[in-house]
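For the single chain, residues carry numbers from 1 onward in sequence order.
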Amino acid sequence: MATPSAQTSAARKAAPAQQAVLAELVDIARSHAESGLADMVRRVVSALLDLTAAGLDPATVMRRVKSGNLLKDNGYAFTHLATSEIEAALRREVARLLPRDAAPTAAPATAVELSLVPLEQIDQQMALGAVSRPFDLQHSEGLATLGVRLGLLLGRDLVRAAHNPFRPDVFLAAVDTAWRQFEPDPEAHGLVAPLLRPGLMFDLGPLYQALIEALVAKLKARKGATADTRFSKTDDRASRQAERARRDAALAQQLRQLFDPAVPEIPNLPQGSGGWRPSTASGFAVAPPVPAAGAGPSSAAMAPAAHPGQVYASSGAGSAPSAAPSAQPLAHSLSELLARVGVAAQDAAPGVLVLPGLRASLPQGALSRGDETTLDLLSRVFGSVLQDDGVAPETRELIGHLQLPVLRTALRDRSFFFQEAHPARRLLDLLSQAGWERPLDADDPVYRAMRRSVERVRGQVDPEFDVAVADLEAGLAARDHIEEAAMAAPIAQAMRSEKRAAAERSARRAVALRMAGEQLIPAVSGFLEGRWSAALALAYTIEDSRPGAVDNATRTMEDLIWSVKPKATQEQRKALIARLPALLASLNNWLDATRWQDAERLQFFAALAECHASIVRAPIELLPERQLELALEAAQQDALRRVAYEQAQEQEEEREQARLQAEEAQAAASDPAAVALASLERGMRLELNEAHIVRRVRLAWVSPLRTLYIFSGAGRQEAFSLPAARLGELLREGAMRVVAADGVVGRILGAAVEPMPAMV
């Protein structure tokens with residue numbers, strides 16, 4: 001347990017932040033007071049010049065007329081003086097709330113010192129106490145709420161009414177002090193204090209409301225605003241993205257090591273396991289080696305040239321090392337070598353894998369280590385894609401045209417292997433991903449976009465892959481837009497269903513938390529648990545389209561609970577009568593929205609009217625001082641309960657979120673299918689095997705709470721949806737599996753370096 005000295009030290013450390021918030025509250029109060037003082041001055045002038053009251057002696061009449069005219073002619077000066085006094089008084093009161101440095105304890109006041117207090121000052125304080133009593137009753141609820149909020153700010157249970165720096169008598173005393181400084185005639189100093197009553201004084205209600213709202217905002221900011229979890233679910237996409245980024249970084253590091261002469265070559269390329277395999281099918285035959293030609297171009301002609309259209313700069317670690325004396329830069333002799341192996345310099349035949357033939361035609365040591373690695377890796381990439389039966393033949397034909405453009409680009413810019421966003425790599429990934437769906441015909445919009453993108457780089461010495469990627473992405477986005485329009489109805493239905501279920505849970509929890517510890521009549525408690533839960537659920541549902549609906553419904557519930565509690569003072573009963581029309585109107589509006597129109601509704605309002613009537617008619621046998629004490633105590637208890645309710649709601653939401661996370665973590669540990677289900681993202685391709693019929697589908701939409709998944713079928717088949725429970729069963733049974741979640745290039749490159757030991 002912390003010692004008192006440790007607590008004091010912690011309080012002193014927190015004092016600067018608390019002081020800053022309290023200073024802002026003083027500024028808010030001063031601003032509200034200043035805006036209301038001008039109207040108050042006009043009302044005070046009218047009251048001073050009103051001589052219709054009986055019993056005024058001539059001297060008093062003369063003083064009132066003189067003071068009224070003085071205030072009328074110099075209202076601005078008094079407003080400025082009163083504003084300054086209010087601000088100074090508030091700052092003095094606020095300073096008393098903060099912990100102060102240890103100082104010698106002042107000696108207790110002696111009887112002689114107490115006797116020196118002027119009787120006039122005592123009379124003035126008693127008069128202000130009597131004047132402030134109606135304000136204390138009128139604003140008891142706001143003062144109590146403000147005291148509780150201040151207690152939260154300062155780390156206490158609450159700030160008692162007598163220590164609240166914004167209590168009414170502080171404002172009244174400041175106005176009276178300003179008047180005594182403003183009026184030069186001492187005989188007229190007591191004229192204004194008796195006039196400061198509700199209706200003449202500026203309204204303190206909006207001031208207290210502004211202070212409470214500012215405190216709520218500051219406390220939330222200090223605590224750290226949390227996202228609304230009513231319509232959200234634990235989402236670990238960020239962690240998955242971070243894990244993928246780490247995996248990609250490790251792969252890039254391994255690939256860079258392959259370009260290092262100190263690292264052994266990739267074994268068994270291009271026949272290595274895990275990548276492409278030589279095929280006996282037409283177009284996959286590897287040309288036999290061709291004897292080396294005579295002396296190649298001069299060293300000056302073979303020097304690397306800057307790539308004019310290069311977008312991604314080569315990394316230093318991935319740049320080709322200095323070639324051996326017999327090695328030649330492949331980028332500058334590519335056309336000659338292609339001619340020697342019987343391939344056109346600007347293109348390759350559809351579906352023919354030409355890169356292994358090019359590699360086999362070169363004698364050992366004819367190329368630099370970097371060029372050899374580039375050629376070997378691209379041979380594996382294109383070999384795997386062109387033999388993948390899961391890619392439509394039309395798409396494989398288009399990808400075959402990219403071998404030489406990609407080779408030229410990769411030879412000049414090795415970041416192709418290290419950066420997934422490289423335009424050439426991005427184009428290969430997009431084509432292979434889109435190619436799982438066979439085009440309907442040559443006029444298929446997606447297929448046309450794929451053809452256009454390939455034609456932009458096919459046969460180009462300096463291919464512009466970034467333009468081709470933009471063209472293909474636009475075509476795929478147009479397809480997604482059409483699919484979204486076609487799925488609009490099921491998506492909207494799923495959203496409504498999820499939001500309704502989440503809203504009902506939130507409403508039931510909110511009503512239960514608010515009723516905890518309350519002693520309510522059965523009619524009201526049953527109404528809140530039954531009918532009002534439905535109204536509050538509706539408010540949660542429409543909150544996005546109608547901001548403030550939840551606050552309105554919650555405030556109506558609060559007012560209903562307050563209205564059926566005993567009222568110990570006449571002012572409280574007047575407040576009840578004044579607030580009943582708005583309360584009943586709000587209740588009826590929400591109940592109409594929930595379509596509750598049976599006889600039970602009439603019975604509830606009849607019981608509510610009887611309860612209100614009994615509260616208003618109950619006899620009052622207490623002294624005014626006791627009434628005020630009970631009213632303040634009741635308001636304070638209500639404020640404490642209200643704040644506790646809000647904190648309980650926040651804690652309940654945090655516990656609910658933690659429970660969901662724990663459940664998902666437990667499911668992930670015991671059920672791999674749950675992990676697969678949680679990792680599904682829009683755009684992924686999956687295989688569905690039902691009744692021995694394999695269907696390739698694409699995940700087109702996932703609901704916010706991940707309770708519904710909508711898929712689009714290959715060949716423009718009609719979209720269908722699966723609930724989370726059914727999809728989990730399919731994943732668990734193996735009837736549904738993810739097909740190539742990562743990009744094709746990254747997957748093949750990862751397989752190429754997988755057997756390679758980690759390098760330090």
Side-chain angles (χ1 to χ4, degrees), residues 237 241 309 311 350 385 388 390-402 405-406 419-460 463-495 680-688 695-704 708-722 738-746:
R237 281 179 296 181
Q241 291 174 356
V311 178
V385 174
D388 186 357
V391 179
E394 295 86 350
T395 304
R396 281 185 281 173
E397 179 179 336
L398 293 176
I399 292 175
H401 292 305
L402 296 178
V406 171
Q419 299 183 11
E420 189 176 4
H422 190 287
R425 180 168 168 176
R426 175 72 174 155
L427 182 61
L428 279 176
D429 285 339
L430 288 176
L431 286 172
S432 61
Q433 289 170 6
W436 71 276
E437 182 177 356
R438 187 163 188 172
L440 296 176
D441 50 43
D443 292 329
D444 183 279
V446 175
Y447 184 61
R448 287 204 310 269
M450 295 165 66
R451 272 205 325 265
R452 285 196 308 269
S453 65
V454 172
E455 290 298 329
R456 287 186 180 276
V457 297
R458 176 183 176 183
Q460 300 295 322
E464 297 180 351
F465 282 99
D466 50 347
V467 179
V469 168
D471 194 356
L472 181 54
E473 287 179 336
L476 296 176
R479 176 200 63 183
D480 293 343
H481 181 72
I482 294 173
E483 285 186 351
E484 288 178 0
M487 296 186 299
I491 287 177
Q493 177 61 32
M495 291 287 289
L680 291 180
E681 295 180 4
R682 184 175 179 177
M684 282 186 172
R685 295 169 291 155
L686 300 95
E687 274 187 356
L688 175 61
R695 298 175 59 187
R696 288 205 163 194
V697 296
R698 185 168 60 88
L699 183 53
W701 183 78
V702 182
S703 65
L708 188 70
Y709 298 76
I710 297 181
F711 299 88
S712 61
R716 304 301 190 272
Q717 297 176 3
E718 183 178 355
F720 66 97
S721 62
L722 288 173
V738 177
V739 180
D742 297 330
V744 61
V745 178

* Output the distance between atom CG (L427) and atom OG (S453), rounded to the nearest 0.5 Å. => 5.0 Å
* **Interatomic distance, R425 atom CZ to F465 atom CZ [nearest 0.5 angstrom]** => 13.5 Å
* Working to the nearest 0.5 Å, report the span between CG of L398 and OH of Y447. => 4.5 Å
* To do: Quick one: list whatever passes side chain to side chain contact (heavy atoms under 4.5 Å, CB included) with S721, sequence neighbours left out.
  => L708, I710
* For the residue pair P463 and P405, what are the closest heavy atoms and their distance? -> CG-O, 3.8 Å
* To do: Applying side chain to side chain contact (heavy atoms under 4.5 Å, CB included), run through L699 and L686 and close with a yes or a no.
  => CA-CA 7 Å; L699 183 53; L686 300 95; 4.2 Å; yes
* Salt-bridge test for E455 and R458: reply yes if a basic N is under 4.0 Å from a carboxylate O, no otherwise. => yes
* Asked: Can you find a pair of side-chain heavy atoms, one from V697 and one from F720, that are under 4.5 Å apart?
  -> yes
* Can you tell me how far CZ of R456 sits from CG of L472, rounded to the nearest 0.5 angstrom? -> 11.0 Å
* Asked: Do side-chain atoms of R682 reach the backbone of A700 as a donor and acceptor pair under 3.5 angstrom?
  -> yes
* **Residues that E473 engages under side chain to side chain contact (heavy atoms under 4.5 Å, CB included), provided they are two or more places apart** => R426, L430, V469
* Interatomic spacing from CZ in R448 to CE in M450 - rounded to 0.5 Å -> 13.0 Å
* **Residues in side-chain hydrogen bond (donor to acceptor under 3.5 Å, both in side chains) contact with E687, at least two apart in sequence or another chain** => R696, R737
